[in-house]
Participant: 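Structure below; questions to follow.
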Protein chains: 2
Amino acid sequence: MTKPVVPDFRRTLTLRDVSEASGVSEMTVSRVLRNRGDVSDSTRERVLEAARRLGYVPNKIAGALASQRVNLVGVIIPSLSNMVFPEVMTGISDVLEDTGLQPVVGVTNYLPEREEAVIYEMLSWRPSGLILAGLEHSEASQAMLAQAGVPVVEIMDIDGTPVDSAVGISHRRAGRQMAEEIVAAGYRRIAFLGTQMPNDHRAKKRLAGFEEALARAGLTLADREFYSGGSALLKGREMTEAVLKRSPDVDFLYYSNDMIGAGGLLYCLAEGIDVPGRVGLAGFNGVELLDGLPRRLATMDACRLDIGRLAAEIIAGKRPDGIVSGEIIELSPTLQRGDTIRNG
Amino acid sequence: MTKPVVPDFRRTLTLRDVSEASGVSEMTVSRVLRNRGDVSDSTRERVLEAARRLGYVPNKIAGALASQRVNLVGVIIPSLSNMVFPEVMTGISDVLEDTGLQPVVGVTNYLPEREEAVIYEMLSWRPSGLILAGLEHSEASQAMLAQAGVPVVEIMDIDGTPVDSAVGISHRRAGRQMAEEIVAAGYRRIAFLGTQMPNDHRAKKRLAGFEEALARAGLTLADREFYSGGSALLKGREMTEAVLKRSPDVDFLYYSNDMIGAGGLLYCLAEGIDVPGRVGLAGFNGVELLDGLPRRLATMDACRLDIGRLAAEIIAGKRPDGIVSGEIIELSPTLQRGDTIRNG
DNA sequence: GATGCGGCTGTTAGCGGTAACATAACAGAT
DNA sequence: ATCTGTTATGTTACCGCTAACAGCCGCATC
């Protein structure tokens, strides 16, 4: 099952090897490989040929140290598995693609101490910029970010004070807006179903905004249910069942994300519950998944692609007026009523 | 909306700054910060205090150059958005966590030329190892990997010849196995629904194995339908509708992944089609999502967590016998019949 | 023919750490 | 008192590359 380990006698190649193989100085090789400065066509050809033939791969560690430039952008997010960050990443990659910058992802699992460690690790590679989710960070994290001396963009959320720049939506406002819509549609006994969220600050803010708007309409949450871990779709089912059994008079279910909302929708449809007549449903995020459901769940898209794009543009110095720092961009999520809120 | 850009007068800190602040040599500071070698407790205290006070973050670029050691492991995958790789990443992170190694993700979007670029970029940082999906790579990629001088683990698939090590399942066999199960259950008019797959070699191998087993039973595919892009769940619905309309006598639908399978299942349920009586359904991957569906879709889990773990263990040199190279590990996916294959 | 200049190439001196090898101080053994 | 060994610290020489500058050549200019 195992083939013999062939000891590698070749040291790994350096500029010097290419230089010797092509008969020019290391400096000239360096210039050729970076397309920097003037080199005659004939020399360029010779160098490229030698590099290709040897299979030379430049050592960016040495290059970065010498030039004090690192073409890396750290991206720090809480989780890969919840459908929201892949799209942010797409936006970031799209923009960075033709800037020579390269995103590097770090995952925190919603743990502040993990975040601190990831920030430290990232900064120790002296990246050209940092993009990270959320505005809430440990004190030590904040200090590191402030000291870093590179552009830092906090994304997703703008309800708070960024270290440097921020691109996102107001989750508080998003929650409020959804509540207003629901109340306007005539629902009165409204329940909330969501993640246990010691560290999901954005979900928390949405709920706060939601309750605030309810209060203004003279209402309070009729019930609430929380979960953590497991298949979100399944949890959505289970929580929905639990709430509807416990509080049969509830007429609206507000979910903290689309995945559990979808689970709830499937549950209601399977049980033959009239949606949106008997109960209305709404989620949050506008994930692509929803397109495939039997009925379109009401939701609010979180502008994830744009957030990624704009954050990357700030880091890449592509913003109009060349702003690279201290910008706060608030995007407006659009409410999609779908088929699960009745027409007031 | 923008705050003034405060010019950063402080150069970024170096060992020398900490050394001066604590009155010892740079070397001693270095030792303290890496916990390497003997340092007296009093000195250690003084150094740590100074480092903390100044907010010093070591420069790993310089460290890596000097020590010829980089605690990074490149992980190259085709896509972040299909639910399968997050779980692989989890397995990898779990294992690397306490080895001091750090995964760095690169995404290829199923494009060989992107893959080549990502491999080049990764190798230029001289990582301690590389984990990449699939066994099919451009010639240039293969050459780079072979020359890299670090352990390379190709994951997910083992139907082919790895550059170095491989951890995965046989997709060909997986396809065969599912076909046998379906045929044994008495289905005869079987259709395939999947991605357009110029570069999804694993889906292609599953289909090949599937058709091979059908042929052995004297059957051929009754119909086939392909898609690309868009919401997989929605595509699953649409394709299912298309196939069932076009070939009303089809009695089984084999999907190349669970997400479109789930779409198909939802479609059938909504249309009141008897599953698994009138048509049977099966997908591939065993994603968590399925737990939340109204009925459990037949599928085969791809051992993603284990694949990640084992790959990481190889890189980290944690395999029994200290094998670091040239190992091929085949895992056996388990078939989950769910509720969508009738009992033969 | 001296001068200037742009195109091309080479030389030198780091970048900020760490490996490897001194060195110093002091304890206990002889 | 000398030797040995251990612990704690410092010194030196790089790691592989690039910025900055220096040189050389040929050609147009005055």
Side-chain angles (χ1 to χ4, degrees), chain A residues 10-48 50-51 54-72 100 120-121 123-128 148-149, chain B residues 10-48 50-51 54-72 100 121 123-128 149:
Chain A
R10 273 183 328 286
R11 312 163 290 99
T12 85
L13 300 166
T14 73
L15 268 192
R16 151 161 261 115
D17 295 295
V18 183
S19 135
E20 281 167 2
S22 55
V24 297
S25 71
E26 300 176 31
M27 196 58 223
T28 300
V29 176
S30 170
R31 283 195 266 253
V32 170
L33 295 176
R34 287 178 300 146
N35 261 316
R36 195 67 48 99
D38 302 312
V39 180
S40 74
D41 288 345
S42 68
T43 318
R44 177 186 312 281
E45 260 327 297
R46 228 154 13 104
V47 169
L48 285 177
L54 296 175
Y56 173 71
V57 178
N59 184 331
K60 289 222 178 174
I61 302 207
L65 183 61
S67 67
Q68 308 278 53
R69 233 175 285 122
V70 180
N71 69 336
L72 261 27
Y120 187 82
E121 169 78 13
L123 287 181
S124 73
W125 288 100
R126 304 289 188 263
S128 296
Chain B
R10 273 185 326 288
R11 314 160 292 95
T12 87
L13 300 165
T14 73
L15 269 192
R16 152 160 262 113
D17 296 295
V18 183
S19 134
E20 282 169 359
S22 54
V24 298
S25 72
E26 300 177 32
M27 196 57 224
T28 299
V29 176
S30 171
R31 281 195 268 253
V32 169
L33 296 177
R34 287 177 301 146
N35 260 316
R36 195 72 45 102
D38 301 313
V39 180
S40 72
D41 288 345
S42 67
T43 317
R44 176 186 314 282
E45 260 326 300
R46 222 149 22 99
V47 169
L48 285 177
L54 296 175
Y56 173 71
V57 178
N59 184 332
K60 289 221 176 175
I61 302 205
L65 183 61
S67 67
Q68 308 279 56
R69 234 176 285 123
V70 180
N71 68 336
L72 262 26
E121 168 78 15
L123 288 182
S124 74
W125 289 100
R126 302 290 189 267
S128 296

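Numbers restart at 1 for each chain; the letters A, B, ... are given by sequence-line order, proteins then strands.
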Participant: Counting only heavy atoms and a strict 4.0 angstrom limit, can you tell me which residues of residues 38-48 of chain A come near DNA chain D?
Facilitator: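 Hits under 4.0 Å, by residue number: none.
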
Participant: Taking salt bridge (Lys or Arg N to Asp or Glu O under 4.0 Å) as the definition, give me every residue that meets it alongside B:Glu45, ordered by chain and number, with sequence neighbours left out.
Facilitator: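 Expected list: none.
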
Participant: Can you list, in residue-number order, the parts of residues 57-66 of chain B that come under 4.0 Å of DNA chain D, counting heavy atoms only?
Facilitator: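 DNA chain D contact set from residues 57-66 of chain B: B:Leu65, B:Ala66.
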
Participant: Restricting to non-hydrogen atoms, name the atom on A:Leu123 and the atom on A:Ala148 that form the minimum distance, rounded to 0.1 Å.
Facilitator: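 In terms of heavy atoms, the two residues are closest at CD2-CB, 3.7 Å.
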
Participant: May I have the list of side-chain donor-acceptor pairs in residues 56-63 of chain A shorter than 3.5 Å, sequence neighbours left out?
Facilitator:
unit_1: A:Asn59; atom_1: OD1; unit_2: A:Ile61; atom_2: N; d: 2.8
unit_1: A:Asn59; atom_1: OD1; unit_2: A:Ala62; atom_2: N; d: 3.2
unit_1: A:Lys60; atom_1: NZ; unit_2: B:Glu121; atom_2: OE1; d: 2.9

Participant: Can you tell me if A:Gln68 touches the phosphate of C:dG16, counting only side-chain N or O atoms and a distance under 4.0 Å to OP1 or OP2?
Facilitator: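 Result: yes.
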
Participant: A:Arg16 CZ to C:dG10 C1': how many Å, rounded?
Facilitator: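 Distance check: A:Arg16 CZ to C:dG10 C1' gives 13 Å.
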
Participant: Sub-3.5 Å donor-acceptor pair from the side chain of A:Ser128 to the main-chain atoms of A:Val70, do we have one?
Facilitator: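 Yes, because the side chain of A:Ser128 sits within donor-acceptor range (under 3.5 Å) of the backbone of A:Val70.
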
Participant: Going by number, which of residues 17-35 of chain B have a non-hydrogen atom under 4.0 Å from DNA chain D?
Facilitator: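 Per residue number, the list reads B:Val24, B:Ser25, B:Met27, B:Thr28, B:Arg31.
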
Participant: Partners of B:Ser30 by side chain to side chain donor-acceptor pair (under 3.5 Å), sequence neighbours excluded?
Facilitator: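 Partners of B:Ser30 by the side chain to side chain donor-acceptor pair (under 3.5 Å) criterion, ordered by chain and then number, come out as B:Arg34.
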
Participant: The criterion is side chain to side chain contact (heavy atoms under 4.5 Å, CB included); which residues satisfy it with A:Ala50, sequence neighbours excluded?
Facilitator: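 Once residues adjacent in sequence are excluded, the partners of A:Ala50 under the side chain to side chain contact (heavy atoms under 4.5 Å, CB included) criterion are A:Val18, A:Ala21, A:Ser22, A:Arg53.
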
Participant: Does A:Gln68 have any side chain to side chain donor-acceptor pair (under 3.5 Å) partners at least two apart in sequence or in another chain, and if so, which?
Facilitator: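 Partners of A:Gln68 by the side chain to side chain donor-acceptor pair (under 3.5 Å) criterion come out as none, since no residue qualifies.
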
Participant: How bent is the helix from C:dG1-D:dC30 to C:dT30-D:dA1, measuring the angle between the end axes built from five pairs each, rounded to 10°?
Facilitator: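 Between the axes fitted at each end of the helix from C:dG1-D:dC30 to C:dT30-D:dA1 lies an angle of 50°.
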
Participant: With sequence neighbours left out, what residues match B:Arg69 under salt bridge (Lys or Arg N to Asp or Glu O under 4.0 Å)?
Facilitator: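 Applying salt bridge (Lys or Arg N to Asp or Glu O under 4.0 Å) to B:Arg69 gives none.
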
Participant: Does C:dG17 have OP1 or OP2 under 4.0 Å away from a side-chain N or O of B:Tyr56?
Facilitator: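 The answer is yes; a side-chain N or O of B:Tyr56 sits under 4.0 Å from OP1 or OP2.
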
Participant: Does B:Arg69 make a side-chain N or O approach to OP1 or OP2 of C:dG17 shorter than 4.0 Å?
Facilitator: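 The answer is no; no side-chain N or O of B:Arg69 sits under 4.0 Å from OP1 or OP2.
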
Participant: To the nearest Å, how far apart are B:Leu15 CG and C:dC15 P?
Facilitator: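 It is 13 Å, rounded to the nearest whole Å.
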
Participant: Taking all non-hydrogen atoms of both residues into account, name the closest pair between A:Arg126 and B:Leu13 and its distance.
Facilitator: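 The answer is NH2-O, 3.9 Å.
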
Participant: Under the salt bridge (charged side-chain N to carboxylate O under 4.0 Å, His left out) definition, can you give me all pairs with a residue in residues 12-21 of chain A, not counting sequence neighbours?
Facilitator: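 Checked against salt bridge (charged side-chain N to carboxylate O under 4.0 Å, His left out) - neighbours excluded - the pairs reaching residues 12-21 of chain A are A:Arg11-A:Asp17, A:Arg16-A:Glu20, A:Arg16-A:Glu26.
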
Participant: Just jot down the side chain to side chain contact (heavy atoms under 4.5 Å, CB included) partners of B:Thr43, sequence neighbours excluded, or say none.
Facilitator: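 Per chain and number, B:Thr43 pairs via side chain to side chain contact (heavy atoms under 4.5 Å, CB included) with B:Val24, B:Thr28, B:Val39, B:Ser40, B:Arg46, B:Val47.
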
